[in-house]
Amino acid sequence: MRRPPRAPHTGPVSDWVLHVDLDQFIAAVEVARRPELRGRPVIVGGNGDPAERAVVATASYEAREFGVDSGLPLRLAVKRCPDAVLLPVDAPAYQEVSDRVMARLREFPVVVEVLGWDEAFLGATADDPEALAAEIRRGVEEETGLSSSVGIGDNKLRAKLATGFAKPAGIYRLTQENWWEVMAERRTDALWGIGRKTAKKLAEAGYTTILGLAAADPDALAARFGPKLGPWYRLLAGGIGDAEVSATPYVARSRSRETTFQQDLTDPDAIARETATLAGRVARDVADEGRPAARVAVKVRFAPFHTHTHSVTLPAPSSDPAVLAAAAQDLLGRFAFGKPVRLLGVRAEFPRA
């Protein structure tokens with residue numbers, strides 16, 4: 001597929017946002033540990049056992065050619081790619097490599113805002129951002145042996161989207177100068193922040209392309225999608241977004257635990273016990289965080305795959321395990337348990353700053 005035109009290199013020293021994304025990160029870490037897997041389809045997920053209920057955490061490019069991607073059930077992934085090598089998730093190993101990558105990024109004259117294991121925004125001042133991006137890619141490869149892609153933008157939204165055009169192992173610039181040339185006729189779910197479900201709703205309202213959404217009446221969008229979301233969708237379509245990159249450490253908004261059961265639960269007592277266990281784990285996470293929780297939520301996924309969530313605001317923020325557990329148990333009473341349960345989850349949300 002032909003790569004869309006990128007913005008030309010113009011002007012003197014400017015401020016830029018770079019988005020660094022490690023290519024097929026988890027699979028790449030596994031291949032680096034097992035060089036004999038290079039070039040083979042690799043799927044990482046769960047315990048690496050397709051007989052268990054688990055989903056794909058990541059897949060190598062060779063596996064993606066068979067339609068295997070993150071979130072796909074392992075059983076279906078194996079059907080699509082029967083020759084794939086299945087591996088269990090090894091979170092500590094990925095964290096260790098991620099820490100090395102982020103430490104290397106901080107050696108450059110940039111501000112680093114970590115987004116996750118495999119990606120970060122960089123705030124930079126440069127007269128040639130492509131040259132800086134190339135240095136960063138080399139630095140990451142020298143440190144870890146991993147490949148990365150870098151998107152260059154005049155804000156976070158455009159930098160994030162630019163990375164999609166840069167992959168794999170490339171550099172791409174998306175700014176106001178080439179925004180409409182590149183994005184105008186694309187579907188709305190090409191935007192960071194608009195998923196398939198929202199894109200479907202937008203299409204039902206007559207907004208099928210990014211250009212069409214950008215030209216929409218903000219009052220009509222607000223009436224259809226809400227006073228905050230409606231106008232926000234229009235801003236996204238115009239490529240408008242935050243350009244500030246902050247090195248402030250990420251502060252979690254919530255802590256959650258969930259379990260997918262290998263055998264569906266039907267016994268109410270068993271459901272209550274599992275919920276209590278999850279609530280206890282969440283309570284320990286809240287205690288470790290050193291902040292009280294303001295809300296508690298319970299998620300139930302019924303067979304075959306219908307998910308419902310109920311939540312409640314606590315009378316006062318609390319870290320008391322008994323309070324969190326009682327709230328979770330009370331929330332169970334809001335569900336209609338007419339079908340077997342395949343997943344339970346408990347989440348504690350912290351007060352907004």
**Message:** For D154, is there an ion pair with R158 - N to carboxylate O distance below 4.0 angstrom?
**Reply:** yes

**Asked** Going through the distances and angles, do F335 and H308 end up as a ring-ring contact (aromatic ring centres under 6.0 Å, His included)?
**Response** CA-CA 8 Å; F335 293 90; H308 301 276; 7.3 Å; no

**Message:** Students often mix this up, so state it plainly: with edges at 30° and 60°, are the rings of W192 and F121 parallel, tilted or perpendicular?
**Reply:** tilted

**Prompt:** Does the pair K156/D242 count as a salt bridge with the N-to-O cut at 4.0 Å?
**Reply:** yes

**Asked** In this structure, are over 12 heavy atoms from other groups packed under 6.0 Å from R53 atom CZ?
**Response** yes

**Asked** Is the backbone N or O of F261 less than 3.5 Å from a side-chain atom of T259, with the two atoms forming a donor-acceptor pair by type?
**Response** no

**Prompt:** Does R301 use its side chain to pair, donor to acceptor, with the backbone of V341 at less than 3.5 Å?
**Reply:** no

**Flag if over 12 foreign heavy atoms under 6.0 Å of CD, Q262** = yes

**Neighbour count above 12 (heavy atom, 6.0 Å) for Q263 CD** = no

**Prompt:** Under 3.5 Å, is there a donor-acceptor pair between the side chain of E141 and the main chain of S147?
**Reply:** no

**Asked** Is the closest basic N to carboxylate O distance between R104 and E107 below 4.0 Å?
**Response** yes

**Message:** Check this for me, if you would: do E142 and R138 make a salt bridge, where the nitrogen-to-carboxylate-oxygen distance has to be below 4.0 angstrom?
**Reply:** no

**Request:** Can you measure from OG1 (T125) to CH2 (W16) and round to the nearest 0.5 angstrom?
**Result:** 11.0 Å

